[in-house]
Amino acid sequence: MKILVIGSGGREHALAWKCSTDKFVEKVYVAPGNAGTLLEEKIENISLDINNNEDVSNFCVSNNIELVIVGPEDPLVNGLVDFLESKNIKVFGPRKGAAQLEGSKTFAKDFFIKYGIPTANYKSFDNHHDALKYLEKIDFPSVVKADGLAAGKGVIICDDREAAEKALEDIFESNAFGDAGNRVVIEDFLNGEEASFIAVVSDDQIIPLATSQDHKAVGDGDVGLNTGGMGAYSPAPVVTDEIHKRVIDEVMLPTMDGLKAEGFPYLGFLYAGLMIEGDEIKVLEFNCRFGDPETQPIMLRLESSLTNLCLDAVNKKLDAHQIEWSSMHSCGVVLASSGYPEDYETNIEIDIKNHFSENEKLFHAGTKFIDNKILTSGGRVFCMTALGETLEIAIDNAYNAIPKINFEGMFFRNDIGKKGLKND
Ligand code: AMP
Ligand code: GLY
């Protein structure tokens with residue numbers, strides 16, 4: 001069968017690569033893909049405007065695509081799934097209505113309250129004046145969030161009122177996040193440890209995937225600006241068996257029921273970003289897609305077929321699906337361009353010494369292949385991912401492989417996975 005994966009990041013490289021390992025998969029197209037997908041066997045990059053639903057649909061029809069997997073949030077919020085379904089094309093991902101859970105933080109927070117899903121106290125504002133007045137009443141630190149999609153960068157942790165005033169000025173007056181900043185959410189700061197809880201959901205059926213933990217801040221020790229994610233590992237010991245059960249009962253099932261009650265039954269990856277402190281679990285956000293970089297270490301541990309998992313979800317047969325995981329641990333370290341998450345240069349030539357071992361996998365993100373050279377094309381350029389019998393070994397394996405890659409200005413966090421060791 002032929003599959004189309006939508007997107008061009010490390011997540012899409014990992015999803016396409018995993019599908020391509022199935023013998024019954026003849027070809028995986030990736031639109032638009034990156035240098036990593038281009039260099040894989042059985043994978044072909046396709047230049048398509050992924051926000052043009054008609055173009056994507058036409059490609060699927062002319063190429064007999066039997067399954068579409070949508071990676072990033074923009075085409076989901078843009079109704080790609082609704083459109084493809086209307087043309088009878090099999091597609092794994094939520095429809096536009098359900099994708100609002102990620103597309104609008106106000107929608108998500110109001111939904112959490114309505115369906116009793118634990119979350120931080122908040123208020124939502126569509127004008128600068130009222131938001132500023134609200135700052136007089138709250139304690140700090142506090143968190144200011146642009147309402148719409150901002151590639152993980154629209155969240156500003158404010159230590160004091162001055163910082164919050166600046167964040168509001170940037171959002172409302174300087175338009176730092178464009179239309180995503182037409183509204184803001186101001187919410188209480190939560191202490192604790194984060195975890196990514198990602199499941200495959202089909203209406204009222206759910207298969208939780210292996211747990212993981214991302215590292216959102218740009219610098220070691222979680223300092224500096226928020227990014228799309230600087231590295232992840234799996235499993236995440238902060239999600240104990242007890243917490244795991246409670247997340248299903250108190251977060252995932254009520255969310256699935258609530259979405260159904262709102263007329264948005266869910267299909268796709270459903271990702272709860274959690275803050276865990278002792279036995280308290282709070283939802284920071286929902287994403288309507290797989291995490292990036294969480295996908296990369298999780299896919300390395302998935303032993304059963306991703307293609308069959310997605311097909312079973314589309315065909316509402318998840319209850320009969322047997323998912324299998326490696327008992328190994330995995331760790332992925334993001335290699336980024338100097339300056340990320342702020343301005344950075346692109347088109348920098350990359351030197352990769354190949355020959356990765358069986359336990360190592362280099363997933364590309366912001367890369368392109370031009371004139372036989374691999375060049376940088378984004379802020380997050382690679383995710384060096386590795387397996388190990390223990391988390392400590394997986395971390396060592398990932399870091400030991402990094403010197404095989406080099407480009408000017410390359411930087412990475414040095415502490416990916418360390419929190420997991422503390423919990424061991
Ligand atoms: P979000 O996009 O809402 O998940 O926020 C991105 C990141 O900002 C999260 O992964 C956390 O690291 C941080 N963050 C968001 N909301 C809060 C909060 N209420 N308290 C503490 N940290 C937060
Ligand atoms: N790694 C966080 C995200 O994908 O939103």
Side-chain angles (χ1 to χ4, degrees), residues 7 9-12 14-15 71-74 76-77 99 101-109 112 118-124 138-159 164 167 177 180-181 184-198 209 211-219 221-234 236 238 269-277 280-298 332-334 336 341 363 365 379-380 383 413 416 419:
R11 166 184 49 216
E12 287 75 27
L15 295 173
E73 56 276 22
D74 292 287
L76 293 168
V77 171
L101 205 52
E102 174 166 5
S104 163
K105 291 204 187 289
T106 304
F107 174 89
K109 297 291 289 190
F112 296 162
T119 192
N121 291 326
Y122 73 103
K123 249 185 159 6
S124 168
I138 59 171
D139 295 327
F140 290 91
S142 180
V143 188
V144 174
K145 301 184 174 189
D147 181 78
L149 296 179
K153 295 164 209 156
V155 172
I156 304 128
I157 313 275
C158 304
D159 287 333
F177 302 108
V184 298
V185 166
I186 303 180
E187 73 176 30
D188 291 353
F189 178 82
L190 297 174
N191 285 303
E193 192 172 333
E194 284 184 59
S196 306
F197 196 100
I198 304 166
L209 300 179
T211 58
S212 60
Q213 187 176 60
D214 186 14
H215 298 67
K216 293 270 170 61
V218 71
D222 292 333
V223 299
L225 292 174
N226 262 337
T227 68
M230 293 299 291
Y233 65 96
S234 171
V238 65
F269 297 115
L270 182 60
Y271 166 149
L274 306 173
M275 188 68 94
I276 300 167
E277 193 186 27
E280 195 161 51
I281 305 167
K282 291 224 161 107
V283 177
L284 289 175
E285 63 165 349
F286 263 106
N287 293 320
C288 57
R289 50 169 175 85
F290 219 135
D292 189 342
E294 292 94 325
T295 311
Q296 293 85 316
I298 291 178
V333 180
V334 168
F363 290 113
R380 295 189 294 172
C383 183
R413 273 182 65 159
I416 303 301
K419 279 189 209 137

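First listed ligand is number 1; within each ligand, the first listed atom is number 1. Both backbone and side-chain heavy atoms feed into the values below; hydrogens, waters and symmetry mates do not.
The backbone of Asp188, and not its side chain, has at least one atom closer than 4.0 Å to an atom of ligand 1 (non-hydrogen atoms only; backbone = N, CA, C, O). Residue Arg11 does not touch ligand 2, judged by heavy-atom distances below 4.0 Å. The side chain of Val155, and not its backbone, has at least one atom closer than 4.0 Å to an atom of ligand 1 (non-hydrogen atoms only; side chain from C-beta on). No part of Asp214 comes within 4.0 Å of ligand 1, judged by heavy-atom distances.
Here's the thing with Glu285: none of its N/O atoms is less than 3.5 angstrom from an N/O atom of ligand 2. The shortest N or O to N or O distance between Gly228 and ligand 2 is under 3.5 Å. Backbone and side-chain nitrogen or oxygen atoms of Arg289 are examined, and one is located within less than 3.5 angstrom of a nitrogen or oxygen of ligand 2. In terms of polar-atom proximity, Leu190 is counted as a contact of ligand 1, with an N or O under 3.5 Å from an N or O of the ligand.
Within ligand 1, the atoms closer than 4.0 Å to a non-hydrogen atom of Phe189 are 20 (N), 21 (C), numbered from 1 in the order shown. Against a heavy-atom cut-off of under 4.0 Å, Asp214 is close to the following atoms of ligand 2: 1 (N), 2 (C). Listed by atom number, the atoms of ligand 2 under 4.0 Å from Gly291 heavy atoms are 4 (O). Close approach of ligand 1 to Ile157 (heavy-atom distance below 4.0 Å) involves ligand atoms 13 (C), 14 (N), 22 (N), 23 (C). Heavy-atom proximity to Pro293, at under 4.0 Å, picks out these atoms of ligand 2: 1 (N). Close approach of ligand 2 to Lys216 (heavy-atom distance below 4.0 Å) involves ligand atoms 2 (C). Remark: ligand 1 atoms within the under-4.0 Å shell around heavy atoms of Glu187 are 16 (N), 17 (C), 18 (C), 19 (N).
Looking at Glu193 and Lys419, no side-chain N of the basic residue comes within less than 4.0 Å of a carboxylate O on the acidic one, giving no salt bridge. The pair Lys109-Glu187 counts as a salt bridge, with a side-chain nitrogen and a carboxylate oxygen less than 4.0 angstrom apart. Between Asp188 and Lys282 there is no salt bridge, since none of the side-chain N atoms of the basic residue sits less than 4.0 Å from a carboxylate O of the acidic one.
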Could you walk me through whether Thr106 and Asp147 pass the side chain to side chain donor-acceptor pair (under 3.5 Å) check?
CA-CA 6 Å; Thr106 304; Asp147 181 78; 2.5 Å; yes

Just do the salt bridge (Lys or Arg N to Asp or Glu O under 4.0 Å) check on Asp222 and Arg413 with the steps written out, would you?
CA-CA 9 Å; Asp222 292 333; Arg413 273 182 65 159; 3.0 Å; yes

Test side-chain contact (heavy atoms from CB on, under 4.5 Å) on Lys145 and Val155 and set out the steps.
CA-CA 4 Å; Lys145 301 184 174 189; Val155 172; 3.9 Å; yes

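Under the 3.5 Å distance criterion, the side-chain polar atoms of Glu102 are matched with a main-chain donor or acceptor of Cys288. The backbone N or O of Glu194 lies less than 3.5 Å from a partner atom in the side chain of Gln213, making a donor-acceptor pair.
Shortest non-hydrogen contact noted between Ala14 and Thr295 is CB-CG2, 4.0 Å. Contact record, Val144 with Cys158: CG2-SG, 3.9 Å, taken as the closest heavy-atom pair.
Of the candidates Lys145, Glu194, Lys105, the one placing a heavy atom closest to atom 11 (C) of ligand 1 is Glu194.
Residue contacts with ligand 1 leave out Lys282, since none of its heavy atoms falls under 4.0 Å from the ligand.
When side chains are defined from C-beta on, Asp159 does not count as touching Phe140, because their heavy atoms never get closer than 4.5 Å.
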